[in-house]
Amino acid sequence: MGVIERYRVYLPVTESTPIVSLGEGSTPLVHCPRLSERVDRAVFLKNEGVNPTGSFKDRGMTVAVSKAIEDGAKALICASTGNTSASAAAYAARAGISCIVILPAGKIAAGKLLQAFAYGAKIVAVDGNFDDALRLVRELGKAGNFVIVNSINPDRIAGQKTAAFEIIDDLSDAPDFHLLPVGNAGNITAYWSGYREYYDLGKSTRLPVMLGFQAAGAAPIFYNRIVEKPETVASAIRIGNPASWKQACAAITESHGAIDVVSDEEILAAQMWLARQEGIFVEPASAAPIAGLFKCHASKEATYSFQKVPALSRVVCTVTGHGLKDPDVITAQIKELKSVPATVNDVRRAVGL
Ligand code: F0G
C-alpha cells in the first residue's frame, strides 16, 4: 500500500485524483541496540533507503506526480543533487510522461545518475551547483510547460509528512527527539508539519525536539548566511541557499530544537559505523544525523547537548537514502581482490583460519 492509499484523508487528493504509486512508504522503524548503548538513549532509525527508488523522495513524489497528472501535466522538471531526479524520473515513467532533470555537473553520485538514465529522464548537467540548477528550474517552470517537482511544490511536502505519521503510528506516540539531515530543508519542514498535524488531532501526546544537521562546508542555516560554494562529500546536501530555509528555522524554533554541523570525516565515520554495527548501509548525507547524534552525546561543542536529556528518552533518526546510491568513497577503500585457487585449504588460509 502506498502513502496516498494509507494516509489519503491527510493528503490533497480526491476520489478523482489518478494515483501514481510504486508502493512507497511504510518503511521500517528499526530499533538499534548498539547505537542506543553508545548514546544511552533508545534510538530508532527510520530507514527511508528502502523506498522504491532508494530514498525518502518517493513519498512526496507520489503525491506531486498524482496531482500533476490530475491537472493534465505532460512533463515534469526538477533540479537535483541526485535523489529527487531518480524519484521524479521513476514516477514520470510510471505515469507515462516525460521528465527533465537539471543537475550540477560532476557532483551527482553514480547510482543516482544511473537511475535517472535508466528511468528515461532527459538529463542536463549545468556548470554550477544545485542552487543554480533550482534557479533555472524556477525560471523554466514559469512558462507553464512543466510541473516543478522540487520540494517548493507543496504536494511534495504533503507526501513527505507521512513519515512522521508512520513513526507515531509505530511508537504509539511521537519520539522525544527527531534528528535528520538538512539540505534544501524540505524534509525537516515536512516532518514538523506531520508531527504537528497528528498532535493537533490527538494522535500523539508530545511534539519532538527537531535537530537538523548540515555538512560543515554546506551549512547556510547554521551560519545564517548563503554559502556561495558549498562543498561536502555528502553530495545530496551540498546546498548553499535552501528553498525552505524559513520553514526549517520555524520548525527548529517551535520545537525548541537546533541546527548543527558535522564534518565530512564525522559523516564518513558514522556511515561505516552504522553499516558495521547495525547492518544498515546508508549514503553519506544520511549518516549526518548519526554523526550528529554522536556529537550531541559526546561533544562539548554540540549546539544541543544530550547531557540534560533523560536516559529513557526515545530518539528517531531518519536515514534518507540507500548506501548503494553513492559507492565511490567506499569503493576506493576496497583493496584489489586477488583470487585464490578453489580449494578449502586456500580459502581457509585467505580468511586466516
Ligand atoms: N538526504 C538525502 C539522501 C537527500 O537526497 C536530501 C536532499 C537530503 C537528505 C536533504 O533533504 O533537501 O529536504 O533538506 N536531496 C535533494 C535532491 C536536494 O535533489 O535529491 P532536504
Side-chain angles (χ1 to χ4, degrees), residues 30-50 54-56 81-83 107-112 177-183 187-188 210-223 227 230-239 257-307 309 315-335:
V30 187
H31 178 248
C32 291
R34 295 206 178 86
L35 197 50
S36 299
E37 198 185 319
R38 181 161 166 181
V39 301
D40 289 322
R41 308 285 180 277
V43 184
F44 301 81
L45 296 196
K46 183 65 170 162
N47 189 2
E48 292 289 279
V50 302
S55 87
F56 70 98
T81 56
N83 282 323
K107 297 294 181 182
I108 303 300
K112 302 174 190 176
F177 292 89
H178 191 113
L179 283 69
L180 77 174
V182 173
N187 212 26
I188 191 169
M210 302 296 295
L211 301 176
F213 294 91
Q214 300 192 296
I221 301 179
F222 178 78
Y223 292 114
V227 177
E231 273 313 333
T232 170
V233 69
S235 58
I237 52 172
R238 186 175 165 272
I239 293 175
I259 187 102
D260 204 347
V261 286
V262 284
S263 68
D264 280 5
E265 293 70 32
E266 289 172 313
I267 287 173
L268 293 176
Q271 181 194 29
M272 209 58 132
W273 192 93
L274 197 62
R276 295 187 173 184
Q277 300 299 321
E278 296 286 3
I280 298 177
F281 181 34
V282 304
E283 65 167 286
S286 307
I290 310 304
L293 183 62
F294 295 155
K295 187 174 178 183
C296 289
H297 176 247
S299 167
K300 288 202 185 70
E301 271 132 54
T303 312
Y304 197 103
S305 168
F306 272 17
Q307 304 306 325
V309 173
V315 178
V316 171
C317 301
T318 299
V319 286
T320 44
H322 201 287
L324 287 173
K325 282 172 168 282
D326 191 357
D328 292 357
V329 173
I330 295 179
T331 305
Q333 294 173 32
I334 304 175
K335 294 202 187 75

With a 4.5 Å heavy-atom cut-off, do [X] and [Y] have their side chains touching?
| X | Y | value |
| --- | --- | --- |
| L45 | L35 | yes |
| I239 | Q214 | no |
| V329 | P284 | no |
| F213 | C296 | yes |
| L211 | F306 | yes |
| V319 | L274 | yes |
| M210 | F177 | no |

| Do any pairs count as a salt bridge (charged side-chain N to carboxylate O under 4.0 Å, His left out) and have a residue in residues 280-302, sequence neighbours left out, and if so which ones? | K112-E283, D260-K295
Looking only at heavy atoms, what is the nearest atom pair of [X] and [Y], with distance?
| X | Y | answer |
| --- | --- | --- |
| D264 | V233 | OD2-N, 2.8 Å |
| T318 | H178 | OG1-NE2, 2.8 Å |
| M272 | I330 | SD-CD1, 4.2 Å |
| V316 | K46 | CG1-CB, 4.3 Å |
| G212 | V182 | CA-CG2, 3.7 Å |
| I267 | A287 | O-CB, 3.5 Å |

Test item: [X] side-chain N/O and [Y] main-chain N/O as donor-acceptor pair under 3.5 Å:
| X | Y | answer |
| --- | --- | --- |
| R238 | P230 | yes |
| S36 | V43 | yes |
| S286 | T320 | yes |

Would you give me the side-chain donor-acceptor pairs under 3.5 Å for residues 216-223, sequence neighbours excluded?
none

What's the separation between atom [atom1] in [X] and atom [atom2] in [Y], rounded to the nearest 0.5 Å?
| X | Y | atom1 | atom2 | answer |
| --- | --- | --- | --- | --- |
| E48 | N187 | CD | CG | 7.5 Å |
| Q271 | E266 | CD | CD | 14.0 Å |
| C32 | I290 | SG | CD1 | 7.5 Å |

| task | Check side-chain contact (heavy atoms from CB on, under 4.5 Å) between R34 and all other residues, then give those that pass, not counting sequence neighbours. | result | W273, Q277, E278
